[in-house]
Amino acid sequence: DVKVTQSSRYLVKRTGEKVFLECVQDMDHENMFWYRQDPGLGLRLIYFSYDVKMKEKGDIPEGYSVSREKKERFSLILESASTNQTSMYLCASSPAGTVGDSPLHFGNGTRLTVT
Amino acid sequence: QKEVEQDPGPLSVPEGAIVSLNCTYSNSAFQYFMWYRQYSRKGPELLMYTYSSGNKEDGRFTAQVDKSSKYISLFIRDSQPSDSATYLCAMRGGSNYKLTFGKGTLLTVNP
């Protein structure tokens, strides 16, 4: 079974702090993704990576950066946390390939509160 | 017009009812259509996947895609309290990593 593990379930940070959200997958997947999920807005893609050291912006990359130094690990960085970044953050992975049945496997999320 | 529209509900049905969940979309390039189920305090998990138009059945679940109408559906037969969750439709084009999600429909099945 694919396992996507997010390091924290709940996180509380102060405005202006630099925040690191960590995600590890154990199925040797090439693709990894960071989404945020907000009531009434659904899931929105922040960044994704299709290979080590490769990254592409999603729909809402502003205020975020990412790091993928190893295939199994994908980190989301909030350079200077703001209250509007309070959200549920979901990491996902999928095998290589853009066609066919390449489902996303999600972690259970990190609920981040910025005060 | 949003790329994917999904009625957020909430939808409440008695146990044993047939449930119909729907999404409409505007991007004719979408070819792969999925339904994810998300239980409370969990990440979404893939429930059904369909390529292009047609039906797909898996146990009590049936996914339908009508590309001419840009409309997809998920039917749940003999619904169970364990089906209570948020259901998210998702779709993408053929040569694209990016999934576009609906906002999700919250379903409660009452015993």
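Letters go in sequence order (proteins before strands), and every chain restarts at 1.
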Q: Among residues 39-47 of chain A, which ones touch chain B with a heavy-atom distance under 4.5 Å?
A: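 Within residues 39-47 of chain A, the residues under 4.5 Å from chain B are A:Gly40, A:Leu41, A:Gly42, A:Leu43, A:Leu45.
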
Q: If you group Ile, Leu, Val, Met, Phe, Trp and Tyr by side-chain heavy-atom gaps below 4.5 Å, do A:Met54 and A:Phe33 land in one group?
A: yes

Q: With rounding to the nearest 0.5 angstrom, report the CZ to CG distance, B:Arg92 to A:Leu104.
A: 8.0 Å

Q: Look up atom OH in A:Tyr35 and atom CZ in B:Phe101, then write down how far apart they are to the nearest 0.5 Å.
A: 4.5 Å

Q: Among the clusters formed by ILVMFWY side chains lying less than 4.5 Å apart, do B:Val109 and B:Phe75 turn up in the same one?
A: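 B:Val109 does not cluster with B:Phe75.
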
Q: What pairs meet the disulfide (SG to SG under 2.5 Å) rule with one or both residues in residues 22-82 of chain A, with sequence neighbours excluded?
A: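 Residue pairs with at least one partner in residues 22-82 of chain A: A:Cys23-A:Cys91.
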
Q: Is there a chain of hydrophobic side chains (I, L, V, M, F, W, Y, each step under 4.5 Å between heavy atoms) that links B:Ile76 to B:Val13?
A: yes

Q: According to a 4.5 Å side-chain heavy-atom criterion applied to Ile, Leu, Val, Met, Phe, Trp and Tyr, with indirect links allowed, do A:Leu112 and A:Phe74 form part of one hydrophobic cluster?
A: yes

Q: For A:Tyr89, is it the side chain, the backbone, both or neither that has a heavy atom under 4.5 Å from a heavy atom of chain B?
A: neither

Q: Let me know if A:Asp38 has heavy atoms under 4.5 Å from chain B in its side chain, its backbone, both or neither.
A: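 Contact with chain B: none, neither part.
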
Q: side-chain contact (heavy atoms from CB on, under 4.5 Å), that's the test. Do B:Gln38 and A:Leu90 meet it? Break it down for me.
A: CA-CA 12 Å; B:Gln38 185 176 20; A:Leu90 288 160; 4.3 Å; yes

Q: To the nearest 0.5 Å, what is the distance between OG (A:Ser94) and CG (B:Leu46)?
A: 11.5 Å

Q: Can you measure from CG (A:Asn108) to CD (B:Glu45) and round to the nearest 0.5 angstrom?
A: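 Reported to 0.5 Å precision, the distance equals 9.5 Å.
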
Q: Kindly indicate, with the supporting measurements, whether the criterion side-chain contact (heavy atoms from CB on, under 4.5 Å) is fulfilled by A:Arg111 and B:Arg41.
A: CA-CA 9 Å; A:Arg111 184 165 295 280; B:Arg41 290 187 291 277; over 6 Å; no

Q: Give every residue pair that meets the disulfide (SG to SG under 2.5 Å) criterion with at least one member in residues 3-56 of chain B, sequence neighbours excluded.
A: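 For residues 3-56 of chain B: B:Cys23-B:Cys89.
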
Q: Do A:Val66 and B:Leu99 belong together in a cluster built from hydrophobic side chains that touch within less than 4.5 Å?
A: no

Q: Is A:Gln6 close to chain B through its backbone or its side chain, or both, or neither, when contacts mean heavy atoms under 4.5 Å?
A: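 Neither; nothing under 4.5 Å.
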
Q: If you count heavy-atom pairs under 4.5 Å between each of B:Gly104, B:Gly102, B:Pro44 and chain A, which one has the most?
A: B:Pro44

Q: Under the side chain to side chain contact (heavy atoms under 4.5 Å, CB included) rule, collect the residues that match up with B:Ser69, sequence neighbours excluded.
A: B:Asp66, B:Tyr71

